[in-house]
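Working notes for the structure below.
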Amino acid sequence: MKIDPDDKHTSTARRWGVPLGIAAGVAAMSIGAVAVFGGEGAAAPVRAGAGAGGSATSPAASPSQTHVSPSAGTGSAGTRTAPATPGSFTVTSTTTTPIDAGTVARILASCLGSDASRYHAVIAVRTPVATRDWDGAVVAVDSGGRYVQCETKGDRGTSQDVPPTFINDRLWGTGHLVEYFDSTGGQAGPGKYLSLGAGHVTSKAAKVTISYGEDRTEYPAVLGGGAFFYAAAFSGTASAHTPFSAATAPYVHAYDAAGKEIYDQTKDPRFTGTGK
């Protein structure tokens with residue numbers, strides 16, 4: 001869905017073109033609420049192919065670019081040079097900050113209603129920038145390993161799914177490493193945009209990173225309780241030929257404990273159209 005460059009308040013939902021849900025047979029993940037709802041995250045963006053335990057490397061791009069130092073809940077946001085031409089977008093921050101437990105409880109109550117008591121938050125963070133509709137997200141799981149994703153605005157939570165627990169029933173099947181929940185984005189002011197999304201990974205994945213559009217720089221996602229969450233602020237100018245949602249499409253990468261890439265969404269047949 002395109003965003004009108006003159007509409008400073010439009011929020012756009014990006015839906016995946018494949019069934020969503022939870023991987024079968026993954027019952028051993030932690031389902032307790034994390035001590036600090038920010039989850040876990042790495043400290044700096046990495047290039048494609050960098051290992052889970054390796055250091056970040058600079059991209060083979062313009063030397064004027066300065067990279068973001070994203071963090072799951074702490075740390076200051078970095079900056080990158082503003083785009084030089086209309087229709088291009090630049091990541092300006094991926095820093096998230098944790099949401100306190102009392103606010104999380106109110107968010108889940110407003111999002112899930114009477115079902116809220118069955119769920120424990122595993123990730124709860126504010127995004128680098130806010131749109132009119134969203135300023136963060138809470139990902140929660142119940143005792144059966146079924147997840148919900150609630151976007152936040154203040155202490156209120158909303159879900160793109162009807163009912164919010166519908167995400168529980170969507171299943172790719174066994175043998176998959178990554179499951180996708182909801183991905184969305186919107187304008188956060190003149191020339192500013194937000195992209196956010198979440199999903200679930202099996203225990204084989206020790207690290208999850210996100211790249212955007214054609215830029216191969218990978219930014220660490222927040223991890224917690226078998227789920228992952230990503231958020232990025234962008235600067236740029238949308239055009240008829242380069243809508244924000246198309247130019248900044250997120251791609252998920254997963255690495256095992258040894259630093260080997262075990263999943264690359266850009267090569268997944270379900271997204272490349274080369275397989276089922």
Once rounded to the nearest 0.5 Å, what's the spacing between atom [atom1] of [X] and atom [atom2] of [Y]?
{"X": "D155", "Y": "I99", "atom1": "CG", "atom2": "CD1", "value": "10.0 Å"}
{"X": "Q149", "Y": "H200", "atom1": "CD", "atom2": "NE2", "value": "14.0 Å"}
{"X": "E151", "Y": "D133", "atom1": "CD", "atom2": "CG", "value": "10.0 Å"}
{"X": "L108", "Y": "H120", "atom1": "CG", "atom2": "NE2", "value": "10.5 Å"}

Ring centroid separation F244 to F89 under 6.0 Å: yes
[Y] side chain reached by [X] side chain, heavy atoms, under 4.5 Å:
{"X": "L196", "Y": "T184", "result": "yes"}
{"X": "V139", "Y": "F228", "result": "no"}
{"X": "T127", "Y": "T96", "result": "no"}
{"X": "Y147", "Y": "E179", "result": "no"}
{"X": "T131", "Y": "Q187", "result": "no"}
{"X": "F229", "Y": "F181", "result": "no"}
{"X": "K207", "Y": "E218", "result": "no"}
{"X": "V129", "Y": "S93", "result": "no"}

What are the two closest heavy atoms between [X] and [Y], and how far apart are they?
{"X": "I107", "Y": "G154", "answer": "CD1-O, 3.9 Å"}
{"X": "S211", "Y": "D215", "answer": "CB-O, 3.6 Å"}
{"X": "L194", "Y": "W134", "answer": "CD2-O, 4.4 Å"}
{"X": "A124", "Y": "V104", "answer": "CB-CG2, 3.5 Å"}
{"X": "L112", "Y": "P164", "answer": "CD2-CB, 3.6 Å"}
{"X": "P250", "Y": "I210", "answer": "CB-CG2, 3.9 Å"}

The single option from T103, V138, V125 passing side chain to side chain contact (heavy atoms under 4.5 Å, CB included) against T152: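 Of the listed residues T103, V138, V125, the side chain to side chain contact (heavy atoms under 4.5 Å, CB included) partner of T152 is V138.
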All pairs passing salt bridge (charged side-chain N to carboxylate O under 4.0 Å, His left out) where residues 107-116 contributes a residue, at least two apart: D115-R118
Test side-chain hydrogen bond (donor to acceptor under 3.5 Å, both in side chains) applied to Y230 and S183, step by step: CA-CA 9 Å; Y230 60 88; S183 175; 3.1 Å; yes
Salt-bridge present (D142, R146; N to O < 4.0 Å):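 Salt bridge present between D142 and R146.
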NZ/NE/NH1/NH2 to OD/OE distance under 4.0 Å, D135 and R126: yes
Whether over 12 other heavy atoms sit under 6.0 Å from K153 NZ: yes
Worked verdict on D256 versus K204 for side chain to side chain contact (heavy atoms under 4.5 Å, CB included): CA-CA 6 Å; D256 64 17; K204 292 181 180 179; 5.8 Å; no
T209 backbone acceptor or donor facing H253 side chain under 3.5 Å: no
Results of side-chain hydrogen bond (donor to acceptor under 3.5 Å, both in side chains) for S110 - residues two or more places apart only: none
